[in-house]
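Order of the sequence lines fixes the chain letters, A, B, ..., with proteins taken first and strands second; residue numbering starts at 1 for each chain.
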Amino acid sequence: MDIDICIVAFSQSACLAQAGAANEVELIMPELEAVYRQVGISNAQDVDFVCSGSCDYLQGAAFAFVSGVDALGAVPPIQESHVEMDAAWALYEAVLKIRMGHAESALVYGFSKSSPGELPIVLSQQLDPYYLAPQWIDSISLAALQARLMLDRGIIELSDMAAVVASSRRCAIENKKAQLSGQFSVSDLLKEPEYVSPLRRADCSPISDGASAMIICTKSKAEEWNVPFARLVGIDHRIETHNLGMRDLTTSHSTRLVAEALSIHSDSLDIAELYAPFSHQQLILEKSLELRPETDINPSGGVLAGNLMMASGLSRVGEVFDRIVDGKASRGLAHATSGPCLQHNLLAILERG
Amino acid sequence: MGELAAVVGIGQTKYASRRGDVSIAGLVREAAGNALEDADLGFKDIDAVVIGKAPDMFEGVVMPEIYLTDALGANGKPMLRVHTAGSVGGSTALVAASHVQSGTFRRVLTVTFEKQSESNAMWALSSPQPFSVHLNAGAGGYFAPIIREYIRRSNAPSDIGIMVAVKDRLHGARNPLSHLNLPNISHQEVEDSMMLWDPIRFLEACPSSDGACAMIIANEELVSESPKPPAWILGGAMRSEPTIYAGRDEVNPRAGRDCAKEVYAQAGISNPRRQFDCAEVYVPFSWYEPMWLENLGFADQGEGWRLTLDGATSLDEGGDIPWNCSGGVLSSNPIGASGMIRFAEAARQVRGDADQHQVENAQLALGHAYGGGAQFFSMWVVGARKP
Amino acid sequence: MSILLVQFLRVEGLVEDLFLQKEYELGFTYTRSTGPVVGKFLTGLKNKKIFGNRGSDGRVIVPPMEYDPETFQPLNDFVQVSDAGMIESWCWVAEPRPAHPSAVPFAWVMIKLDGADISMIHHVVTDEPSRVVTGARVKASWIDQPVGLISDIRYFVLEK
Amino acid sequence: MGDTNKETIDSIEAPIYLKYNFTAGLAPARFLSHLKKGILTGQRCPKCDNVYVPPRGSCPACGVATETEVVLGNKATVQSFTIVSIPIPGNPIEPPFIVANLVPDGANTSFIHLMSECVNEEVRIGQRVTAVWKPEEEWGFAMDNIRYFKPLDEPDIPVELIGHLSVNGEEG
């Protein structure tokens, strides 16, 4: 692609176990205001395109995204779209819009109010509606089946999973937006009781309410705005079969396909933010991406420290962006996922401007 | 406008109140398979899949694209799910087109569907949340007051809605895929049908259908690999505005006017009535034909109904600007697909492939969709000639 | 429906705010047409038989898939398989959720039925949780009057 | 096994019932708490000065948060309406009934509510109406504390003034 696309602003709310009374609009507005402030614009009128990601079933209301439009100041009307997916895919749609020359800048946001429902059970209704959904097998149990396969085959050990959690909690100490953080040793974590065996509660990302927002634009627009930026040098995604029995759940075929398509050059990644809702899934991703020990993985703590369903993928991109503009990294990888047991995966590569 | 792209394959299902013979996967596959066949291609020729539908609550499957990957041949490919309310069929087509126009992909499959028989649309649309008034008796209850205001403003004769209802059903009777097949429908029959949401009668409202619509969109280089004439995408635009704001013109929404203005600018349209050979416009309640004729600039303010009255929008009456030759949303309405059907039927016209509802020598056509409280719009212009 | 009303002071503005919360149920009984492939499987269940179908690579997939995940072609070559098989993976649910198919602790399992090459997901109920391990043999326990739903298999039980 | 068991299955029922703990949102919660006291309120946009009812916490046109509460009148104007002849799922009201888009005095947007104590055929755009509240002991956190609106013996409002009346019902 000829057009250089840059990320110029990112903001994420705190990950809250319960956002209390705040509705979608009230969750989104502070993050929008924050990204407007970062680039010095006043509202969505000042960008060419807006795209959001959300899921009606999280809060149990059809057309949740329609209320989201109330946060934008969409008078006069704006160029706007929505994906019923994580906002990382809204970012993808926005990138296509810029690449085709229909926009120079775009606002992307995702919001999540998962606390009103029973998220793992809500997600059971993503499965095929004849064989699996009627069994109400929740997302945690499916992940547990996946972890067991890995343990049984000796690919990982329970202590490897606990080490992922310990690292997440430790990194999250520095992350004011995190829901869970602290110093935990692997042995402490393994002393905790099993939850859905072999998973312990700490192996599962918490349920969080919140929102995140991002502004992207062409390089010339970023220069016009005169703001620090990170270049989004690649973004791509792949899905795989819905039949869990047909997949090798111990690896991520689709992640590998994206990594190949993007030529991620894992040897030159300073950081990687991976959307692994369960500790063992981070290990799957690290391996599928062939990450090196030099790469700092989930410096934000990742989603084990707070998981804004439908916004977490976008937030991974944002966390990499933040570290690039802060000078802590010059090249980073962000990952987003959708579906049970990492069925659908997106990768984005960011580089210093 | 980005790189050139064209529709090289179109596939639809038979629309019906209940497609009891297929699963959800079988329904979308029927449309996708028909589109591939029309384009003389296989799934291996497709680089990415873009799927759209209205709220997941219609079928009670959360993010159904996750389960539909195998049916749509998406494994190992990018798959994107769009949801922009009732306009989703149109916006999905535009997002699919952007996959090609951005130069990112060479050829994509796009599919939209709704299997409304799995639930009850009225329930799904007015699912009772606490703390809110539940007087939204379906979409008709929402749009009826807006139609009433249009009638007041325009002084339109009270039977314009009936005329549209008859005309679109006569168009639909030419289309073997139509859900409603009413070749003998009469003015009297529509007038005598039950008044549901005054001024909307039963036969002035769209049906509730099962169905899916699919298209293959290719870049310039690959257009020649499919045997039938392409429909070149000459323009595409989307606009959104809030459901409610002070001073909002709900009858003639600014988002619709602005969206039309942009898509016309892209496609070089200055006089839509004269330049277009036909249009497929989202008319779920009959009165929306005159309202959109004005909103889209085919007629002056308050004059849209005159085109309907004069038969200008009727294929059977030899009108100069036939609207909804396929029968429109009034003949088939699988909500999530309804917008894409408009886009696809516009493309069929300029490909000269619309069989019994073909407008002779159609060169330029408009596809239109709207959703929410008439606040989300998507439109495209397709043409027979390569720009 | 219960109303929980909590009043609290917003720290910054000392504005009195209300936290209005109400439980509600989003529910509907959907009517799903199955199409021939899913219908074949469910009809089998109604007769206490389990059918799979053969994928393009020759493997037997249970429950049957409508479209091959590799070639995407429709799959029709049905094969009856056993209602007994081996646990491929499992997890123990010590605290079942209200929506779960079992009110007592149980195991979700991936089972490779005899005659199948692809494992299916169902659950095992047992009072000997320690015997639920990968490789353990299980057999379907059918409800008395199957109706053609996945729940016709009440659960799987460990073979002696 | 009887013959009935040999029937082919082509359709199944899938009951999907999910429980949620719905929260009203900060602005709606304040609106509802005023309603519980028998007062209809809106929120004023700090930028464009328009008053929204029911408030959602933002001015959708300006995209800014709304905080200022405004007490609205009991009187309203019919912006438009429909006569509904079919029942609403989950609502006991019997058709035919009138659902109207009403702008309360002092507000600049409309909400939908029922009209009653009127001849359906005589309801018209611009008509003046007033709220009929339920008995105080039945008031909850709900819009249906107002049972319905009924016509007033006041002259109709010209269409161009609908949505522009002050809380006293005057032009402004």
(message) Around atom NZ of Lys19(D), are there more than 12 heavy atoms from other residues, nucleotides or ligands closer than 6.0 Å?
(response) no

(request) Answer yes or no: is there a side-chain heavy-atom contact under 4.5 Å between Ser85(D) and Leu196(B)? (result) no

(message) Between Glu250(B) and Gln79(D), is the side-chain contact (heavy atoms from CB on, under 4.5 Å) condition met? List the steps.
(response) CA-CA 11 Å; Glu250(B) 292 179 289; Gln79(D) 187 184 49; 4.2 Å; yes

(request) Return the minimal non-hydrogen interatomic distance between Ala61(D) and Pro242(B), and the atom names on each side. (result) N-CG, 4.4 Å

(message) Please classify the contact between Val159(D) and chain B as side chain, backbone, both or neither, with a heavy-atom cut-off of under 4.5 Å.
(response) side chain

(message) If I measure from the heavy atoms of chain B, does Phe81(D) come under 4.5 Å with its side chain, its backbone, both, or neither?
(response) both

(request) Show your reasoning for whether side-chain contact (heavy atoms from CB on, under 4.5 Å) applies to Met194(B) and Ile86(D). (result) CA-CA 10 Å; Met194(B) 187 182 171; Ile86(D) 51 172; 4.1 Å; yes

(request) Show your reasoning for whether side-chain contact (heavy atoms from CB on, under 4.5 Å) applies to Ile83(D) and Met195(B). (result) CA-CA 9 Å; Ile83(D) 307 166; Met195(B) 190 65 90; over 6 Å; no

(request) For each of Asp21(B), Ile200(B), Ile147(B), Asp198(B), tally heavy-atom pairs with chain D at distances under 4.5 Å, and name the one with the top tally. (result) Asp198(B)

(request) May I ask you to check whether over 12 heavy atoms, not counting those of Lys134(D), lie within 6.0 Å of atom NZ? (result) yes

(request) Could you tell me whether Glu138(D) atom CD has more than 12 heavy atoms of other residues or ligands within 6.0 Å of it? (result) yes

(message) Counting heavy-atom pairs under 4.5 Å with chain B, which one of Asn50(D), Ile125(D), Ile16(D), Asn108(D) comes out on top?
(response) Ile125(D)

(message) Has Tyr245(B) got a side-chain atom pairing as donor or acceptor with Thr109(D)'s backbone, closer than 3.5 angstrom?
(response) no

(message) What part of Ala24(D) gets within 4.5 angstrom of chain B, counting heavy atoms only: side chain, backbone, both, or neither?
(response) both

(message) For chain D, which candidate among Arg152(B), Glu149(B), Arg148(B) shows the most heavy-atom pairs at distances under 4.5 Å?
(response) Arg148(B)

(request) To the nearest 0.5 angstrom, please state how far the CG atom of Asp10(D) sits from the OG atom of Ser23(B). (result) 12.0 Å

(request) Grab the two heavy atoms, one from Gly141(B) and one from Thr82(D), that are nearest each other, plus how far apart they are. (result) O-CG2, 3.9 Å

(request) List the steps and the verdict of side-chain contact (heavy atoms from CB on, under 4.5 Å) for Arg18(B) and Ser11(D). (result) CA-CA 11 Å; Arg18(B) 180 161 192 264; Ser11(D) 168; 3.4 Å; yes

(request) Using a cut-off of under 4.5 Å on heavy-atom pairs, state which of Pro60(D), Pro54(D), Ala14(D), Pro96(D) scores highest against chain B. (result) Pro60(D)

